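Read through the structure below, which is laid out as structure tokens, and then see the notes.
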Amino acid sequence: MTTTATPGTGTDQRLYSVADWYDAEALLSTEERQVLGRLRNFLETEAKPLLAEYWERGEFPEQLARPLIDLDLMEPAALTVEAPARGIFHGFRIFELARTDASLATWYTAQAGLFRTAIRVGASEAQQKEWMPKVIDFSLKGVFSLTEPEHGSDIAGGLATTARYEPADGGTWVLDGAKRWIGGASTADVLCVFARDVADGQVKAFLVDRTAAGVSLEKIHGKTSLRMMQNAHITLNNVRVPEAMRLHNVNSFKDVAEMLRAMRSDVAWIATGIQAGAFEAALAYVKERQQFGRSLGSFQLIQEKLARMLGNVTASLSLVVRLTEQQGWGIYRDQDSALAKMQTSLMMRETVALAREVVGGNGITLAADVGRFHADAEAVYSYEGTHEINALIIGRALTGASAYTN
């Protein structure tokens, strides 16, 4: 991690991440920082050397999966004896992953964020007691399967996958439809599938065995963003799911929306981490690169762009830290997570573009890392709510008028 002496009088020689200019990480406890340090060391020594090769191949480095799981990051034992892992720790865990690679962050949060939230919000108390320990130790791997081929932003009213209940044989549900852009589906044990009950028109959720009869997965090829993340197109044809595998607390899209509030904040942390990674890669490059007989970083125009990038990262960190603090107090509002996702994604887009710009032609290659962040940012800009949808959520809160209604 890039470090520098704290600016000021020169009397404070504490080292801090150059991307974390105001040292937001100081909000973490000593124990939380120690766990985070193990993650940083792993990412720097084990993950980073593999990223360019696997990004270009469009494959996920599966050899990183088990060591990353074994770091015990979801609910670290070291933090649960005296006090549990806090939201701010979870946020910085996402930040560190995304600062290294967006696909790594997306892969880990598919389990630790999306799937875990689905179980936490949607499962009954008995189901949580059975499943949550397995989610935390990854012995039950799952993915959040909501988006469909023809329905993304309009999924609340447009969800086309259907669920039909058959009371015979103790109660069985039959699912038909398709899901798309489901990251990590090919290595999951279960797919958390959201479907519309044909009887009452309400959304229900089911844990579907990935290998069940009628389930087929196809890898989405030709991606120019998040190339390491394995996204799948899933087809469900007369798939039978027992009632026991239905999430009993999901009975309408309102319950799904509760999940999305938490997920958008996770994505805002990812967008912030991507900015930090792109900024640090660009800074390292311009300090070494020589042009016109001097360091590229010594030119005024370059320094202005570096300052703008740092401003974006710092503002984004301030947003996500404050949002996470509020959520830790039990304050979950659609407009809050939407604002963080919208604004950090906007600043991310500018930051990665500036990073690519100062690196010049080498910014479109994988060698300087900037090209990877630049491309991956485009996927993060759109998922868990496009800019426009998040803006309308905020606008509804501001005006009291929903722009969704005709």
Side-chain angles (χ1 to χ4, degrees), residues 1 16-29 32-33 35-36 39-40 43 73-74 85-102 104-106 108-110 112-114 116-117 258-280 308-352 355 373 376-377 379-387 389-391 393-394 397:
M1 177 173 246
Y16 73 110
S17 162
V18 68
D20 184 7
W21 194 253
Y22 290 161
D23 197 14
E25 190 184 316
L27 295 169
L28 297 176
S29 68
E32 288 169 333
R33 296 183 83 156
V35 176
L36 205 61
L39 172 60
R40 284 176 180 159
L43 293 173
L73 300 170
M74 203 182 306
R86 299 177 298 155
I88 194 71
F89 166 79
H90 294 306
F92 269 101
R93 178 194 65 204
I94 297 170
F95 176 82
E96 284 301 321
L97 287 163
R99 192 181 68 85
T100 303
D101 185 80
L104 281 180
T106 302
Y108 196 87
T109 55
L114 278 72
R116 185 183 183 186
T117 299
E258 185 177 348
M259 301 175 190
L260 294 176
R261 291 186 198 109
M263 294 173 189
R264 286 193 180 103
S265 60
D266 286 352
V267 179
W269 276 100
I270 291 176
T272 304
I274 288 173
Q275 292 181 69
F279 164 67
E280 290 180 345
R308 285 166 60 192
M309 284 187 267
L310 177 60
N312 285 345
V313 179
T314 304
S316 294
L317 262 176
S318 299
L319 273 170
V320 293
V321 164
R322 184 58 176 167
L323 173 65
T324 302
E325 286 179 331
Q326 286 191 333
Q327 291 181 342
W329 301 329
I331 302 172
Y332 283 84
R333 301 191 304 175
D334 286 338
Q335 59 267 33
D336 294 340
S337 56
L339 178 61
K341 167 56 169 66
M342 181 194 76
Q343 196 62 25
T344 57
S345 294
L346 271 177
M347 289 188 283
M348 171 189 65
R349 237 183 180 185
E350 181 182 58
T351 302
V352 298
F373 288 113
D376 288 345
V380 177
Y381 182 74
S382 294
Y383 72 52
E384 297 308 327
T386 62
H387 169 81
I389 291 298
N390 282 305
I393 292 171
I394 300 161

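A quick note: this is a predicted structure, and the numbers were derived from the prediction, not measured.
- Shown here are the side chain to side chain donor-acceptor pair (under 3.5 Å) partners of Ser316, two or more places apart in sequence or in another chain: Gln275.
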Expected list for residues 325-332: side-chain donor-acceptor pairs under 3.5 angstrom, two or more places apart:
| unit_1 | atom_1 | unit_2 | atom_2 | d |
| --- | --- | --- | --- | --- |
| Glu325 | OE1 | Arg322 | NH1 | 3.4 |
| Gln327 | OE1 | Ser265 | OG | 3.3 |

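- We find the CZ-CD1 distance between Phe89 and Ile94 to be 10.0 Å, quoted to the nearest 0.5 Å.
- The side-chain contact (heavy atoms from CB on, under 4.5 Å) search around Arg116 returns Met74, Glu75, His90, Met132, Val135, Ile136, not counting sequence neighbours.
- Note that CE of Met259 and OG1 of Thr117 are 8.5 Å apart. Values are rounded to the nearest 0.5 Å.
- Nearest heavy atom pair, residue Leu323 against residue Ala340, reads CD2-CB, 3.6 Å.
- Interatomic distance, Glu384 CD to Lys341 NZ, rounded to the nearest 0.5 Å: 8.0 Å.
- Here CG of Leu319 is found 6.5 Å from CD of Gln343. Values are rounded to the nearest 0.5 Å.
- Using a 4.5 Å heavy-atom cutoff, the side chains of Thr386 and Tyr381 are not in contact.
- Side-chain contact check for Leu97 versus Thr109: every heavy-atom pair is 4.5 Å or farther apart.
- Partners of Tyr108 according to the ring pair (Phe, Tyr, Trp, His ring centres under 6.0 Å) rule, which considers only residues two or more places apart in sequence or in another chain, are Phe138.
- Scored by the salt bridge (charged side-chain N to carboxylate O under 4.0 Å, His left out) test, Asp376 finds no partners at all (sequence neighbours excluded).
- Judged as a salt bridge (charged side-chain N to carboxylate O under 4.0 Å, His left out), and not counting sequence neighbours, the contacts of Arg333 are Asp336.
- For the ring pair (Phe, Tyr, Trp, His ring centres under 6.0 Å) test, residues two or more places apart in sequence or in another chain that qualify with Phe92 are Phe95, Trp269.
- Using a 4.5 Å cut-off on side-chain heavy atoms (C-beta onward), Val313 and Trp21 make no contact.
- Heavy atoms only, all atoms of each residue included: Thr351 and Met309 are closest at O-SD, 3.7 Å.
- A donor-acceptor contact shorter than 3.5 Å is absent between the side chain of Asn390 and the backbone of Met342.
- Within the structure, salt bridge (charged side-chain N to carboxylate O under 4.0 Å, His left out) pairs that include any residue of residues 259-269 comprise Arg261-Asp334 (at least two apart or interchain).
- Thr106 is linked by a side chain to side chain donor-acceptor pair (under 3.5 Å) to Tyr383, counting only residues two or more places apart in sequence or in another chain.
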**Request:** Go through the steps to decide whether Met348 and Thr272 satisfy the test side-chain contact (heavy atoms from CB on, under 4.5 Å), and finish with yes or no.
**Result:** CA-CA 7 Å; Met348 171 189 65; Thr272 304; over 6 Å; no
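- Nearest approach of Ala19 to Leu310, heavy atoms of both residues: O-CD1, 4.1 Å.
- Residues forming a side-chain contact (heavy atoms from CB on, under 4.5 Å) with Ala98 (at least two apart in sequence, or on another chain): Ala105, Ile270, Ile274.
- Here Leu317 contributes atom CG and Thr344 contributes atom OG1; the two are 10.0 Å apart, rounded to the nearest 0.5 Å.
- Scored by the salt bridge (charged side-chain N to carboxylate O under 4.0 Å, His left out) test, Glu258 finds no partners at all (sequence neighbours excluded).
- Of the inter-residue distances, the one linking Ile389 atom CD1 with Ile394 atom CD1 reads 11.5 Å to the nearest 0.5 angstrom.
- Qualifying side-chain contact (heavy atoms from CB on, under 4.5 Å) partners for Ser29, counting only residues two or more places apart in sequence or in other chains: Glu31, Glu32.
- Comment: Glu25 engages Arg40 in a salt bridge, judged by a side-chain N to carboxylate O separation of less than 4.0 angstrom.
- Between Leu28 and Arg33 the shortest heavy-atom distance is CB-CG, 3.6 Å.
- Residues Ala338 and Ile393 come closest through the heavy atom pair CB-CG2, 3.8 Å.
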